[in-house]
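What follows is a short report on a single structure.
The chains referred to below are lettered A, B, ... by the order of the sequence lines, with proteins before strands, and numbering in each begins at 1. Please read all numbers here as calculations on a predicted model, not as lab measurements.
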2 protein chains.
Amino acid sequence: MSTIRDVAKQASVSVATVSRVINQSGYVHIKTKERVEKVIKQLNYQPNDVARSLYKGRSKMVALLVPDIMNPFFPQLARAVEDVASKYGYTFVLCNTDDEKEKELAYLNALRQKSVDGMIIVSSKLSQEDVSDITTPMIALDRKISIDIDLVTVNNQDGAQQAVRFLMQKGCQRIGHICGPENASSSKARLKGYLDVVKNEPWFSSGYIRSGKYGFEAAFEATKKMLTEHPDIDGLFAANDLMAVGALKAAEQLGYRVPDDLSIIGFDGIGIGKATKPAITTMAQPIYEIGATAAEMLITRIQDTTIPITEKELRVKLIERGSTRVS
Amino acid sequence: MSTIRDVAKQASVSVATVSRVINQSGYVHIKTKERVEKVIKQLNYQPNDVARSLYKGRSKMVALLVPDIMNPFFPQLARAVEDVASKYGYTFVLCNTDDEKEKELAYLNALRQKSVDGMIIVSSKLSQEDVSDITTPMIALDRKISIDIDLVTVNNQDGAQQAVRFLMQKGCQRIGHICGPENASSSKARLKGYLDVVKNEPWFSSGYIRSGKYGFEAAFEATKKMLTEHPDIDGLFAANDLMAVGALKAAEQLGYRVPDDLSIIGFDGIGIGKATKPAITTMAQPIYEIGATAAEMLITRIQDTTIPITEKELRVKLIERGSTRVS
DNA sequence: CGTCTATATGTAACGGGTTACAGGGAGTGA
DNA sequence: TCACTCCCTGTAACCCGTTACATATAGACG
């Protein structure tokens, strides 16, 4: 690998001039510029980003921290963030935290040491104190972390209400909820939305709520238990699609016919919901848009850290498929 | 952010001593060490990785380049690579190339400029010349790039043979193949395996092969066309599970009953194959193991670039589910 | 007591860009 | 001709750890 000094020597100029050519800054005589460019091509010179980062204190990298890369929601999100990042010349780093606070903190540290310019974080575990000493621009996504941090979400509570009302409208009499992790704000909001609608129903009790931890397996087990305890359930609102699929499989195993015996509605709008039979009715999030919005916000903040904290809420949209009754 | 010089000043020692304490190298008096450590804690000093990388020429980062992060195969793989990487103290970078040569080359360059220590690449587009001038350790995964580069694959051709024979054994008379992209070596091997078994069948013609480009949508369309042209097909071997799901949906739409009218077998063993109804029979790859193996190989090579080029082949395993006939 | 070695610590160069600052030439207007 | 402004280019400090090399002290051994 040749360095800027090699180029300078070969072109009989100083490193400053080469730097000016590369960065198109300051004055460089057109003749000189051409000569330098020729040498750069000759030597196949590529500036060393690490050296650049060291001086600038910035690395042209952004990171996305997600709790579960195996949930198709996050690859879709990652895709969006990466697209925007590379549009602005940033390298994208994806980190999987398993929703474990320890891993999150470890990443936060590692990334800061690498002078990462910004991060987008989906975390249920981090709180204000954990991030208060971090000056790197951050965006919280899906789940709130602190009031000091920009946030991108969807109308979770409202969407959940819509989902549950939709089930009722389709004739469901007893509606259970497979909720997400207790401390995720998105999960809490969806639970709240569910409660808003059902808490005054005569049949309602806490047994109609079980946690599936936003995961397939846990939801599968939770659904089996819930349906066994409450065989009268004829509607199920899962806080995400992955759990809705788990619920579907559980219902199937118990001999329920979906949607005739049991209507299931999910949340997220991931692709897998179309693959099942019946396909999953869902409150779809504009996943790509969420990721892209967060990424744009992050880059805006990187460029100007003084702008006021903002919260942006996108809207979910009902997609009716086969897992809910027709009438 | 405090620097090593701040620590040195505060602890009344030189930066060299602080460095020795941090890296546990050379001689440091126990008393001095304690003093320095105390100051480090006081100032919450974290060494700057960028400066370290610059001097060392290494960054403690490894990258994984995948063609399609939305295919669940790759998140699973990424998961494995990340686990191994972080076990050895490496930061993991995920890059999505859309299977486009241009993006691949752009990443290769960007990563080199960042002094990334090693890369694992899943690419059908890169050839020997494209990577010949790259000295960064690399591992090719799933698809061969060059004889100069370590390779991790599975017994694709053999697995494909097994898959097709399995369909025959279940009584299929006419077996079609939805293949992957033309230039991916894994795709070519699976096609070859298919041909090994069927090419001498009296019914066989090239119309029994169509490309689904390893993607859901393309496979959906390809299957519809193929089944329309050859309604006699009663068995389908898709070169990956994502395409198998696409094929299943297409068959459904055309009124085929799976597996009664049509048996479908996939390849990969991704989770989504369990979510469909019927669930997809597949030649499962040990995905996590593949990723972990590649990552281990990469780190071995980073530590010693002189070791001879190796190719490692893992084995696929048939998982019988509902998409293939019982007898 | 002189020499040698193990221990302990500091100085400064180094890695490779970036940029503040200085210096010099050319052109313009007074 | 002087003053001033563009141009153009170079020198050297800087970003922040790492480490080769130099220096120094203490204890061991002959």
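Atom pair B:Asn48:CG and D:dT18:P shows a separation of 10 Å (rounding to whole Å applied). To the nearest angstrom, P of C:dT9 lies 7 Å from NE2 of B:His29. Across the protein-nucleic acid pair, B:Asp49 atom CG and D:dC15 atom P stand 19 Å apart, rounded to whole Å. Regarding A:Lys56, its NZ atom lies at a distance of 10 Å from the P atom of C:dA20, rounded to whole Å. As a whole-Å value, the separation of A:Leu54 CG from D:dC14 C1' is 9 Å. Summarising the geometry, the separation between CD on A:Gln46 and P on C:dG15 is reported as 20 Å, rounded to the nearest angstrom. We find that NZ of B:Lys33 is positioned 12 Å from P of C:dT9, with the value rounded to whole Å. B:Asp6 places its CG atom 13 Å from the C1' atom of D:dC15, with the value rounded to the nearest Å.
Taking only distance into account, the side chain of A:Arg52 never meets the base of C:dG16 through a donor-acceptor pair shorter than 3.5 Å.
Listed by residue number, A:Ser12, A:Val13, A:Ser14, A:Val15, A:Ala16, A:Thr17, A:Arg20 are the residues of residues 7-24 of chain A with a heavy-atom contact under 4.0 Å to DNA chain D.
Using a 4.5 Å heavy-atom threshold, the side chains of A:Leu77 and A:Asp142 count as separate. Side-chain atoms of B:Arg79 and A:Asp98, non-hydrogen and from C-beta on, do get closer than 4.5 Å to each other.
For the pair B:Gly26 and A:Met1, both in contact range of DNA chain C, the more 5′-proximal nearest nucleotide belongs to B:Gly26.
Contact annotation: A:Ser53 side-chain N/O to C:dG17 OP1/OP2 distance is not under 4.0 Å. Side-chain nitrogen and oxygen atoms of B:Tyr55 include none within less than 4.0 Å of the OP1 or OP2 phosphate oxygen of C:dG17.
Among the atoms of the strands shown, none is found under 4.0 Å from any heavy atom of A:Ser25.
In this structure, CD on A:Gln285 lies 9.0 Å from OG1 on A:Thr153, to the nearest 0.5 angstrom.
Of all nucleotides listed (C:dT19, C:dG15, D:dC16), D:dC16 comes nearest to the side chain of B:Arg5. Checked against C:dA8, D:dT9, D:dC16, the side chain of A:Tyr27 finds its nearest nucleotide in D:dT9.
In B:Lys213, the NZ atom is not crowded: 12 or fewer heavy atoms of neighbouring residues, nucleotides or ligands sit closer than 6.0 Å.
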